[in-house]
Each structure stands twice: as structure tokens, then as C-alpha cells.
Amino acid sequence: MARRDLEDGKGTEMEEINDTAKSLTNSTVEKVPVTLATPPAPVLDGGLRAWLQVAGSFLVFSNLWGFVFAFGSFQSFYTLDYLPSKSASDIAWIGTIGTGLLIFVGILSGPLFDLGYFRSMLIIGGVGETLAMFLLSLCTKYWQILLTQGIMVGLFNGLLYLPGLALVGRSFKKHRSMAMAITTCGAPTGGIIYTLLFQQLIGKLGFAWTVRTMAFFMLGTYAISFPLQLWGASNLGDLASGTKRKMFDPTALRDLPFWSYSFANFFIFTGYMVPFIYLGAYGQTELGLTQTQSLNVLIAAQAASIAGRLIAGYTASKVGVMIPWITAAISSGVFCIAWIGIKSESSLIAFACLFGAFSGPLIPLPPAVFSLVCPDQTVFGARLGMAQAIGSVASLIGAPIAGALLGKGGGRDSYLGLQLFSGLVMIFGGCQLIVLYMLLLRKRELGKLI
């Protein structure tokens with residue numbers, strides 16, 4: 001009799017719990033727009049198929065981010081030769097609009113990946129970016145270049161950004177951080193390749209055929225990457241678990257670690273792209289370097305970025321993410337201010353290598369911390385999207401503001417405002433990371449940040 005009473009009580013208790021869960025779920029769905037979420041656990045854990053997807057994603061990143069890193073070569077060419085009537089700030093908008101759209105559209109494309117549209121996104125994004133490049137080769141006016149290299153390239157690249165990372169994330173458990181590091185190294189690698197192509201061909205072929213050659217190279221790498229990512233893959237379809245994900249989480253607005261993370265990234269990325277965009281023009285106009293010599297400086301910065309990312313990834317696995325992240329942000333800002341004292345080609349190359357090495361980790365490290373900023377997996381995707389939306393604004397406005405601070409009178413002082421701006425905003429962002437570190441230790445009660 002007692003046993004039956006216990007079973008009846010247990011059944012009643014389970015019914016009450018189920019009713020409560022249904023009530024909470026219905027309330028959440030009614031109040032907040034939702035989309036399907038990517039399940040946290042990957043379907044695969046390494047293997048040949050997974051590493052082939054890493055290789056394919058590496059090639060994709062070499063195109064979408066590599067072309068962004070190579071914009072410094074376009075910036076100096078447009079400013080000094082192709083569009084001399086336009087200011088450096090006007091021309092910088094071309095690159096920053098592409099970068100901002102890449103990040104912003106990438107956030108919106110995440111739910112499409114969750115629903116199993118990766119094949120369509122990959123093909124549309126790759127073909128669309130290549131088409132934009134061929135159209136760019138026909139452009140002779142500022143508004144035409146802004147439309148193709150800025151808006152079109154940014155929109156199509158956005159279809160490939162976050163889904164490419166998510167695909168790699170679904171393929172690994174044990175070696176996920178290394179796989180992510182290798183994938184993101186495609187960005188500076190592509191930057192080196194596109195800068196070299198521009199350097200070697202612009203004087204021989206002119207603007208139109210230089211850009212077409214880049215477009216053909218882009219088409220070839222996408223043709224290789226598509227089979228690597230798609231052939232025999234089983235982790236592309238709708239893998240959502242049936243749970244719901246908010247597109248906007250209002251509770252994040254009351255969370256101090258979220259705001260500290262977002263503000264830190266905002267200020268860091270406001271200054272991050274400034275040296276990559278203006279170093280080439282600085283070398284030519286202020287130090288008297290040839291176009292080839294100035295582009296070699298950009299290549300040095302991008303090559304050092306690869307080493308910096310890999311070293312920081314290894315260091316983070318030993319001492320945690322926050323220490324190398326803070327070090328990278330503050331050091332990058334300090335080097336930007338040290339840029340003021342550059343007076344020779346050798347010192348400019350040394351600056352480029354140091355800045356590239358220390359700024360490189362600023363790309364792969366932030367996502368590794370966000371799981372500590374937002375430990376609640378039910379709102380993880382929403383808050384990450386919100387934080388990256390804020391970061392996309394910084395990528396959009398940073399370089400044009402720096403260009404507006406560029407003096408008109410010539411001499412090294414003409415770059416003083418630009419150098420101080422990029423350095424100070426990155427140092428401020430690094431200091432904000434220290435605040436984030438303290439908040440996480442206190443509010444998340446963490447003994448060690450991993």
C-alpha cells in the first residue's frame with residue numbers, strides 16, 4: 001500500500017513538472033521571436049572527412065577575409081593613382097563597408113545554416129563574390145567600386161563567414177581549438193596571396209586585368225573548397241535538436257559581463273584594421289618607398305599574424321584565454337602609438353611584424369571566451385549575435401574615422417591623429433578586457449579562465 005502511494009505521488013509530481021515546463025516554454029515562445037539553434041555537441045569528432053572540411057574552410061577564409069586584409073594595397077592605389085580626387089577617408093569606406101556587411105550578414109546567416117541551407121549558401125556566396133570581382137574589374141568611378149568591392153563583396157561574403165566556422169565546430173570535440181586556429185589562418189594567408197598578386201601584376205597588366213586575375217584565382221580556390229566541404233559530408237543538414245533559440249535576448253542588456261565583452265571588442269576593432277589599411281600609403285607618401293616596397297610591409301604584417309594566432313592559441317590552452325587576449329590588445333595599441341616614431345623602411349617592417357603578430361590573436365580568441373560570458377546555452381546564440389552586431393559597427397566606422405584624422409599638409413605629422421586614434425582606442429579596449437576579467441572572476445565564480 002505504501003509503495004502504491006509513493007508511485008501515485010511520484011506520478012503526480014512528474015505531471016506537475018511537465019505542466020510547468022510546458023507553461024514556461026509556451027510563455028517564452030509567445031514573447032520572443034525564435035529560430036532553430038545549432039546543437040552544442042558536434043556530430044563528428046575528427047577523422048579524415050573533418051580535416052578535409054578544415055582545408056575547405058581554410059580556402060574559403062583565404063578568399064573572404066584574405067581579400068579584406070589585402071585592401072591596404074587597394075587603399076594606397078586608389079588614393080595615389082586611381083581615384084586621386086577622393087580623400088583617404090572616402091576610400092576607406094569601400095573596405096569597411098565590405099567588412100561590416102561580412103560580419104553583420106554572417107550573423108543573420110547563422111539560422112539558415114541551422115536549417116540545412118549550407119550548400120546553397122556556399123555556392124551563392126562563392127559565385128557571388130567571384131562575380132563581384134569580375135564586375136570590379138570594369139569599374140572606373142568611386143560609386144561603382146563602392147557598390148562592387150564594398151556592398152556586393154560584403155553581402156556575399158556574409159553568407160560564408162559564421163557558417164564556415166560552425167561547420168568546423170560540428171566536426172571536432174578534442175581538437176576543435178586547433179581546427180579553428182588553422183581555419184582562421186586562411187585569412188592572413190589569403191591576404192598575402194592577394195597582396196602579392198596585386199603587387200606583381202598592377203604595373204604590368206593594369207587595374208582591370210589585375211582584378212580579373214584575382215577573380216580567376218578566387219574562382220579556382222572556391223572550385224577546390226566546395227568538394228572538400230560538401231563531398232561525403234554528413235553534418236550539413238538540419239541538425240537542430242528541436243529546441244528554440246532567441247534572435248534577441250533582452251536579459252543581456254542587464255548583464256555586465258556581456259556589456260564589458262561587447263565594449264571591449266568594439267574599441268579593439270575600431271582600431272584593428274587601421275594599420276593594415278594605411279601602412280601601404282604611409283610607406284609611399286611619408287617614407288618615399290616604392291609601391292613594391294610598401295606592399296612588402298603589408299605582407300610582413302600578414303605573415304606575422306599567422307604566427308601570432310598559432311602561438312596565442314597554444315598559450316591560451318596552457319594559461320587560459322584572457323591573459324593572451326589582454327596582452328594582445330594592449331600591446332597592439334602600444335605599437336600603433338610607437339608607429340609615430342617610424343622613420344625608415346626597416347623600422348616600418350619591424351613595426352608591421354610586431355603589430356601583425358600581436359594583433360593576430362584578436363580574431364580567434366574572443367569566441368573562446370564567450371562561453372564564459374554567457375554560460376546559458378539557451379541564449380548563447382542570441383547573445384553572441386548581439387555582441388558581433390556591435391563589433392560590425394566598429395569595423396565599419398574605424399578606418400574612415402582614422403582617414404578623416406589624416407592631415408593634408410604632408411610630413412609625418414599628417415599621420416599623427418590617425419596613429420594616436422588607432423592606438424588609444426585599442427589600449428582602451430584592452431583595459432576594458434581587464435574589467436571583463438574581474439567581472440567574470442566575481443560574477444561567474446571562476447578560479448581559472450580556460
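In this chain, residues are counted from 1 in sequence order.
Taken to the nearest 0.5 Å, the CD atom of Glu129 stands 14.0 Å off from the CD1 atom of Ile124. For the atom pair CG of Leu160 and CG of Leu122, the computed distance is 6.0 Å after rounding to the nearest 0.5 Å. Here the OG1 atom belonging to Thr130 is positioned 11.0 Å from the CG atom belonging to Leu135, to the nearest 0.5 angstrom. Here the CG-OG distance, from Leu101 to Ser395, works out to 11.0 Å after rounding to the nearest 0.5 Å. Atoms OG and CZ, on Ser137 and Arg212 in that order, are 4.0 Å from each other to the nearest 0.5 Å. Atom-to-atom distance recorded for Leu279:CG and Phe351:CZ is 5.5 Å, nearest 0.5 angstrom.
Ring pair Phe74/Tyr78: centre-to-centre distance below 6.0 Å. Between Tyr194 and Phe217, a ring centre-to-centre spacing shorter than 6.0 Å is recorded. Aromatic rings from Phe198 and Phe77 are positioned such that their centres are separated by under 6.0 Å.
With hydrogens and angles disregarded, a donor-acceptor distance shorter than 3.5 Å links the side chain of Ser57 to the backbone of Gln53. A donor-acceptor pair is defined here as one N or O able to donate and one able to accept, closer than 3.5 Å; such a pair exists between the side chain of Thr99 and the backbone of Gly95. At distances below 3.5 Å, not a single donor-acceptor pair connects side-chain atoms of Ser331 with backbone N or O atoms of Ala328. Between the side chain of Trp259 and the backbone N or O of Leu253 there is at least one donor-acceptor pair closer than 3.5 Å. The main-chain N or O of Tyr222 is found under 3.5 Å from a side-chain atom of Ser225 such that the two form a donor-acceptor pair. Ser89 places a side-chain N or O within 3.5 Å of a backbone atom of Pro400 that can act as its donor or acceptor partner. Proximity of a side-chain donor or acceptor of Gln75 to a complementary backbone N or O of Ala88 within less than 3.5 Å is detected. A donor-acceptor pair under 3.5 Å links the side-chain atoms of Tyr278 to the main chain of Gly403, judged by distance alone.
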TODO: Please test Phe71 against Gln149 for side chain to side chain contact (heavy atoms under 4.5 Å, CB included), starting from the C-alpha separation and ending with a verdict.
DONE: CA-CA 10 Å; Phe71 183 75; Gln149 191 172 3; 3.5 Å; yes
TODO: Please lay out, stage by stage, how Phe421 and Leu418 fare under the test side chain to side chain contact (heavy atoms under 4.5 Å, CB included).
DONE: CA-CA 5 Å; Phe421 169 76; Leu418 179 150; 5.8 Å; no
- [ ] Give the C-alpha distance, both sets of side-chain angles, the deciding distance and a yes or no for side chain to side chain contact (heavy atoms under 4.5 Å, CB included) between Thr148 and Phe134.
- [x] CA-CA 9 Å; Thr148 53; Phe134 280 113; over 6 Å; no
TODO: Take Leu440 and Tyr261 through the side chain to side chain contact (heavy atoms under 4.5 Å, CB included) test and state the conclusion after the steps.
DONE: CA-CA 10 Å; Leu440 291 176; Tyr261 175 94; over 6 Å; no
Open item on the list: Could you walk me through whether Phe276 and Phe355 satisfy the ring pair (Phe, Tyr, Trp, His ring centres under 6.0 Å) test, starting with their C-alpha distance in whole Å, then the side-chain angles of each, then the deciding distance to 0.1 Å, before giving a yes or no?
Closed with: CA-CA 9 Å; Phe276 288 106; Phe355 180 81; 5.6 Å; yes
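Here the side chains of Ser332 and Tyr272 are not in contact, with every heavy-atom distance at 4.5 Å or above. A 4.5 Å side-chain heavy-atom check between Thr189 and Phe69 finds every atom pair outside the cut-off. Counting heavy atoms from C-beta outward, Phe428 and Thr270 have side chains that stay 4.5 Å or more apart. Within the 4.5 Å cutoff, side-chain heavy atoms of Ile145 are placed close to those of Leu83. Between Ile434 and Ile330 the shortest side-chain heavy-atom distance falls below 4.5 Å. Side-chain contact check for Glu286 versus Ser414: some heavy-atom pair is nearer than 4.5 Å. Annotation: side chain of Pro324 is in contact with side chain of Leu365 (closest heavy-atom distance under 4.5 Å). Inter-residue side-chain proximity for Ile337 and Leu424 is flagged as met; some heavy-atom pair is nearer than 4.5 Å.
Applying side-chain contact (heavy atoms from CB on, under 4.5 Å) to Gln293 and the options Val297, Thr290, Leu295 leaves one that passes, Thr290.
Within 6.0 Å of CZ on Phe358 lie no more than 12 heavy atoms contributed by other residues, nucleotides or ligands. Counting heavy-atom neighbours within 6.0 Å of Phe207 CZ, excluding the residue itself, gives a total above 12.
The side-chain contact (heavy atoms from CB on, under 4.5 Å) test applied to Ile192 returns Leu196, Ile299, Gln302, Ala303, Ile306, not counting sequence neighbours.
A donor-acceptor pair shorter than 3.5 Å can be found between the side chains of Ser346 and Ser344. The closest side-chain donor-acceptor pair between Gln199 and Asn296 falls under 3.5 angstrom.
Across all their heavy atoms, Ala304 and Cys353 have their closest contact at CB-O, 3.2 Å. In terms of heavy atoms, Cys336 sits closest to Met426 at SG-SD, 4.3 Å. The shortest non-hydrogen separation linking Thr183 to Phe61 is O-CB, 3.6 Å. Counting all heavy atoms, side chain and backbone alike, Gly126 lies closest to Phe226 at CA-CZ, 4.2 Å. Taking every heavy atom of both residues into account, Met322 and Leu433 meet most closely at CE-O, 3.4 Å. The nearest pair of heavy atoms linking Ala132 to Val153 is CB-CG2, 3.8 Å.
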